[in-house]
Amino acid sequence: MRLTTSIATAVVALWATNAVAEELSFANFMPPGHPYVAGAFQPFADLVGEKTGGDVTVRLYSGGELGPGPVEQYNRAVDGVADFAIGLPGYTASNFPLTLTAELPGVINTETGTADLWENIDLFKDEYRRVQLVSLWSSAPNVLYTRDVAVHSPADVAGMNIRVPSRNAGLQVEAWGGNPVSMPVTEIYNAMQTGVIDGAMIDTTATRAFRLGEVANYLTLGFEATNSPFFIVMNRDAFRGLSDDAQAAVVEAGKEASVLANTTQLTVAEGGIVAFEEMGGEVVRLSDDEAAAFNVLSAPIVDQVVADTGEAAQAVVDALTAE
């Protein structure tokens, strides 16, 4: 009888352990087929499950299932609509002036940018105090997709309506004589197709991921560009509700996912250039002299943003350019 009671107690304990296993939601505004899903988001979910021994699982909700569009993703994590959310600091720029300092032309190195961000993560942490920062990575450089004009010089950009991913990219377009248009990435295709915009600043993953190879005829690269950092953030209360071990697992998985996401992004971006040409588009690779004409106009932007943001921004620039 005592043995039977012990077995029953063990079964109840096992059931109780399994019962508290927690499923966390991950809001992803990108379509299920976006390279990030297989390359970083699902691996992140798998890593959390592995590192917590199955006590915590993560379920992806892609294609805006928990709310459409990229602009509100950060707030969905803050408000607890989702436990995790993927987003870009540029969409809520006022919250992330220091993170966005890292995207300025010439500040970050494309190949080492993600490692450099994490090496200096203490410079940015205060901007994520309303959430738990899980992942942060740099992207491939933003380039210029245009519909009707092959851009070889700033004079070609003059008067164009160009979609930009952030205020800093807008400053760059203005310096070239264009008109920056703020717009979520999910709206670029229709806006370019209908002529609402003449072009878009975005990295070359967009050739396939957002089908810009179908609506743009020209792609200009070679100038010093902004990049668009990404983050994964977690609802602060949800994070604090985890055990210490589970918190450590989420943070560790997040850092690993940062590397996976950056690798995925750079690989797909390189393929996006090839794909653009295969789809019949013309790639304009600026000569050194042509690129210099853009870069001279862009150079003052760094000093302007630092002056507007303050000493903390200068510390970011100094740390990242020293890497």
inquiry  = Is it true that, when you exclude Arg76 itself, more than 12 heavy atoms of the residues, nucleotides or ligands shown sit nearer than 6.0 Å to its CZ?
reply    = yes

request  = May I ask you to decide if the ring planes of Trp137 and Phe41 are parallel, tilted or perpendicular, using 30° and 60° as cut-offs?
outcome  = tilted

ask   = Hey, are Gln172 and Asn168 close enough side-chain-wise for a donor-acceptor pair under 3.5 Å?
value = no

Exceeds 12 heavy-atom contacts within 6.0 angstrom, atom CG of Asp288 = no

ask   = Taking atom types as modelled, is there a side-chain donor on Thr99 or Glu127 under 3.5 Å from an acceptor on the other?
value = yes

request  = Keeping the roles fixed (side chain from Asn109, backbone from Thr112), state whether a donor-acceptor pair exists under 3.5 Å.
outcome  = yes

query = Looking only at side chains, do Asn161 and Asn179 share a donor and an acceptor under 3.5 Å apart?
reply = yes

query = Taking atom types as modelled, is there a side-chain donor on Asp203 or Thr205 under 3.5 Å from an acceptor on the other?
reply = yes

key: Pair Val151-Phe294, side chain to side chain contact (heavy atoms under 4.5 Å, CB included): steps then yes or no   = CA-CA 11 Å; Val151 172; Phe294 287 90; 3.8 Å; yes

task = Classify the angle between the aromatic ring planes of Phe231 and Tyr128 as parallel (below 30°), tilted (30 to 60°) or perpendicular (above 60°).
result = perpendicular

inquiry  = Quick check on Glu23: does its CD atom have over 12 non-hydrogen neighbours (other residues, nucleotides or ligands) under 6.0 Å away?
reply    = yes

query = Do Asn142 and Ser228 pass the side-chain hydrogen bond (donor to acceptor under 3.5 Å, both in side chains) test, and can you show the C-alpha distance, the side-chain angles, and the key distance before you say yes or no?
reply = CA-CA 7 Å; Asn142 291 317; Ser228 297; 3.3 Å; yes

